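Worksheet: one structure, shown below.
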Amino acid sequence: MKILSMLFYLFAHHGAWSFFVLLITGIAISFWRRSIFYVVLSFILALANVFTGQFVNAAFLAHYGVRGSAVVTLEQETSSTLNDSPIWDYDAVIQTADGKDVITDFSTTTASIYPIRNEIIIPPRGERFVVKYIPGFEKNIVIMRDESPYGIKRKIAENLQPLYKAQGEYNSNTKNESFRKAYVQALKDYIENPENARDSLHIKTFKSIIQDLTNPSSVNQP
């Protein structure tokens, strides 16, 4: 596992070097096996790795890694951009399961984050977050976003949006029965979603609102 972690770290953090390593390996195997197939295959893999290296690394570490924690100690904006947004470099300190401190670094384009989504959200500096790693090569980490405070807060904020939409529609006409039912259902969906379990303040409030909206004496009151 340690060797695999080192390889995936190379592929995720050094895309350019990995491209040439994979390509040269393919050429060497093609000469040995006397087949151009391995050159073509290595080129496809090298090209794919440029765009997916950190995702493969994230899936590998999330599945096989050991749980630890980390904190970003320094964040620096670079002169490079990704989708018209600046790329940032980050330094971090990992605390392993056995209490060891390990220094590592990553950037906006090399960070491995799980679950894999079409967005790159890095924990704020100074806030501890959950990671996974392979013992023996701890500097290769995957950020467990949905298990970390910053990710939980962001997920809760996302889950509130459909509820706020239903609330707005109900408030536009409190006598509309379909709006009331949709609002109640949105409140129930939020409360029952395990992703929101830590949002005890909102959940308590929403339970009270459901009780008011389902109380026959309060429905359709002006």
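Since we're looking at a predicted model, the values are computed, not measured. Residue indices begin at 1 and follow the sequence shown.
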[Y] versus [X], side-chain donor and acceptor atoms under 3.5 Å:
X	Y	answer
Gln185	Asp189	yes
Tyr133	Glu138	no
Asn57	Ser112	yes

Side-chain touch [X]/[Y], heavy atoms, less than 4.5 angstrom:
X	Y	answer
Lys100	Val102	yes
Ile36	Ser30	no
Asp105	Asp89	no
Thr214	Val184	yes
Ile143	Tyr114	no
Glu195	Asn159	yes
Ile113	Val142	no

Distance-only, no hydrogens or angles: does the [X] side chain make a donor-acceptor pair with backbone N or O of [Y] under 3.5 Å?
X	Y	value
Thr108	Trp88	yes
Ser148	Val130	yes
Thr110	Ser107	yes
Lys132	Ala62	yes
Gln161	Ala157	yes

Minimal non-hydrogen separation, [X] against [Y], with atom names:
X	Y	result
Thr104	Lys139	OG1-O, 2.7 Å
Thr73	Ala92	OG1-N, 3.9 Å
Tyr190	Ile156	OH-CG2, 3.1 Å
Thr78	Ile87	OG1-O, 2.6 Å
Ile122	Tyr150	C-CE1, 3.9 Å
Glu169	Phe179	O-CD1, 3.0 Å

Treat each ILVMFWY residue as a node, draw an edge where side-chain heavy atoms are under 4.5 Å apart, and state whether [X] and [Y] are in one component.
X	Y	answer
Val66	Ile94	yes
Phe37	Ile24	no
Val93	Leu74	no
Tyr64	Phe11	yes
Ile210	Leu160	yes

Kindly compute the distance separating [atom1] ([X]) from [atom2] ([Y]), expressed to the nearest 0.5 Å.
X	Y	atom1	atom2	result
Leu61	His63	CG	NE2	11.5 Å
Ser172	Gln167	OG	CD	11.0 Å
Leu7	Lys2	CG	NZ	12.5 Å
Ile191	Thr205	CD1	OG1	9.5 Å
Leu163	His202	CG	NE2	8.5 Å
Ile203	Ser208	CD1	OG	14.0 Å

Is it true that atom [atom1] of [X] has more than 12 heavy atoms of other residues, nucleotides or ligands lying nearer than 6.0 Å?
X	atom1	value
Ile103	CD1	no
Ile121	CD1	yes
Arg117	CZ	yes

If the plane angle is over 60° it's perpendicular, under 30° parallel, otherwise tilted; pick one for Phe8 and Phe60.
->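 Ring orientation of Phe8 relative to Phe60: tilted.
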Should Asp199 and Lys153 count as an ion pair when the cut-off is N to O under 4.0 Å?
->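 Between Lys153 and Asp199 there is no salt bridge, as every charged N stays at least 4.0 Å from the carboxylate O atoms.
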Does the gap between the ring centers of Tyr183 and Tyr170 come in under 6.0 Å?
->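 Here the rings of Tyr170 and Tyr183 have centres that are less than 6.0 Å from each other.
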Hey, mind stepping through Ser5 and Asn140 against side-chain hydrogen bond (donor to acceptor under 3.5 Å, both in side chains) and telling me if it holds?
-> CA-CA 7 Å; Ser5 183; Asn140 185 25; 3.1 Å; yes
Salt bridge (charged side-chain N to carboxylate O under 4.0 Å, His left out) between Arg145 and Glu119, worked out = CA-CA 11 Å; Arg145 171 179 156 171; Glu119 58 180 352; 2.8 Å; yes
Should Gln54 and His13 be marked as a side chain to side chain contact (heavy atoms under 4.5 Å, CB included) after you check the CA-CA gap, both sets of side-chain angles, and the distance that decides it?
-> CA-CA 7 Å; Gln54 69 269 39; His13 289 254; over 6 Å; no
Criterion side-chain hydrogen bond (donor to acceptor under 3.5 Å, both in side chains) on Gln211 and Asn215, from CA distance to verdict = CA-CA 6 Å; Gln211 191 171 25; Asn215 185 346; over 6 Å; no
Taking it one step at a time, do Ile134 and Leu4 satisfy side chain to side chain contact (heavy atoms under 4.5 Å, CB included)?
-> CA-CA 9 Å; Ile134 299 298; Leu4 279 177; over 6 Å; no
